[in-house]
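Working notes, structure below.
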Amino acid sequence: MAADGFHFGAPRRARRPSLTPMIDVVFLLLVFFMLAARFGAEGALPVALAAPGAPTEWQGPPRLVEIGPENVRLNGLAVDEAGLAEALRPLMAGPEAPVLLRPVEGASLQRVVDVIGALSDAGLTALAVVE
């Protein structure tokens, strides 16, 4: 028995902390962020921003598409969105002729993107967004 009344045995050497749990956590975080990340190229829309004062060679009648929250208007006349590309064709010399797109108050960005996508899918290549 020790002089002070307690005897705990031979002192043990201090244990080094294990790095295994920390490595497991880092690996799990790595896997989580790899699965949560978005891979691949972002989608892009072929849209030109109309610059004020830029010289333009406009050919043919006006082609202004107003994009509203619920409707689409071509040169002030209501047009069915599904038939917008066909309504534009008589006004254009070809698919490279410019078409001006103007979102009106209340139109969401997704709505504008949907109309641009529909016109791009129809083969129109010169779309410009104006205010």
Side-chain angles (χ1 to χ4, degrees):
M1 192 175 252
D4 59 357
F6 295 101
H7 179 58
F8 295 108
R12 290 192 288 176
R13 195 170 55 129
R15 263 180 58 182
R16 288 183 15 191
S18 173
L19 294 179
T20 304
M22 186 177 71
I23 292 171
D24 289 345
V25 169
V26 170
F27 179 71
L28 288 174
L29 286 172
L30 177 69
V31 169
F32 171 77
F33 285 112
M34 285 178 61
L35 293 176
R38 291 175 27 172
F39 294 106
E42 294 293 324
L45 295 173
V47 175
L49 295 176
T56 57
E57 295 292 326
W58 192 267
Q59 301 287 326
R63 295 173 294 275
L64 175 64
V65 177
E66 295 175 316
I67 304 168
E70 302 284 329
N71 61 355
V72 176
R73 300 175 72 79
L74 174 59
N75 295 333
L77 301 174
V79 177
D80 180 38
E81 187 176 339
L84 179 60
E86 287 304 315
L88 278 165
R89 293 211 192 279
L91 303 174
M92 302 171 64
E96 68 284 343
V99 176
L100 300 178
L101 305 172
R102 183 174 71 188
V104 297
E105 188 174 335
S108 67
L109 178 61
Q110 185 60 52
R111 176 92 170 108
V112 174
V113 168
D114 290 342
V115 172
I116 291 172
L119 292 175
S120 295
D121 290 345
L124 303 180
T125 59
L127 305 173
V129 177
V130 295
E131 290 184 294

Where is the tightest heavy-atom contact between [X] and [Y], given as atom of each residue plus distance?
| X | Y | answer |
| --- | --- | --- |
| Val130 | Pro103 | O-CD, 3.6 Å |
| Glu86 | Pro90 | O-CD, 3.2 Å |
| Gly68 | Ala107 | C-CB, 4.0 Å |
| Leu91 | Pro62 | CD1-O, 3.9 Å |

Exercise. Should the heavy atoms of other residues, nucleotides or ligands under 6.0 Å from CD of Glu96 be counted, would the total exceed 12?
Worked result: yes
Hey, can you pull the donor-acceptor pairs under 3.5 Å for the side chains in residues 17-34, sequence neighbours left out?
residue: Ser18; atom: OG; partner: Thr20; partner atom: N; Å: 3.3
residue: Ser18; atom: OG; partner: Thr20; partner atom: OG1; Å: 3.4

Separation of [Y] [atom2] from [X] [atom1] (nearest 0.5 Å):
| X | Y | atom1 | atom2 | value |
| --- | --- | --- | --- | --- |
| Leu74 | Asp80 | CG | CG | 12.0 Å |
| Glu81 | Glu70 | CD | CD | 10.5 Å |
| Arg63 | Leu127 | CZ | CG | 11.0 Å |

Seminar exercise, completed: Those residues at least two apart in sequence (or on a different chain) that pass side-chain hydrogen bond (donor to acceptor under 3.5 Å, both in side chains) with Gln110 are Asp114
Problem set entry | Polar side-chain atom of Arg111 near backbone of Ile67 as donor-acceptor pair, under 3.5 Å | no
Problem set entry | Asn71 (side chain) donor-acceptor with Ala78 (main chain) under 3.5 angstrom | no
Could you check if a side-chain atom of [X] sits within less than 4.5 angstrom of a side-chain atom of [Y], using non-hydrogen atoms only?
| X | Y | answer |
| --- | --- | --- |
| Val104 | Arg73 | no |
| Val113 | Ser108 | no |
| Leu119 | Leu84 | yes |

Exercise. Please walk me through it: do Val112 and Leu101 pass side-chain contact (heavy atoms from CB on, under 4.5 Å)?
Worked result: CA-CA 8 Å; Val112 174; Leu101 305 172; 5.8 Å; no
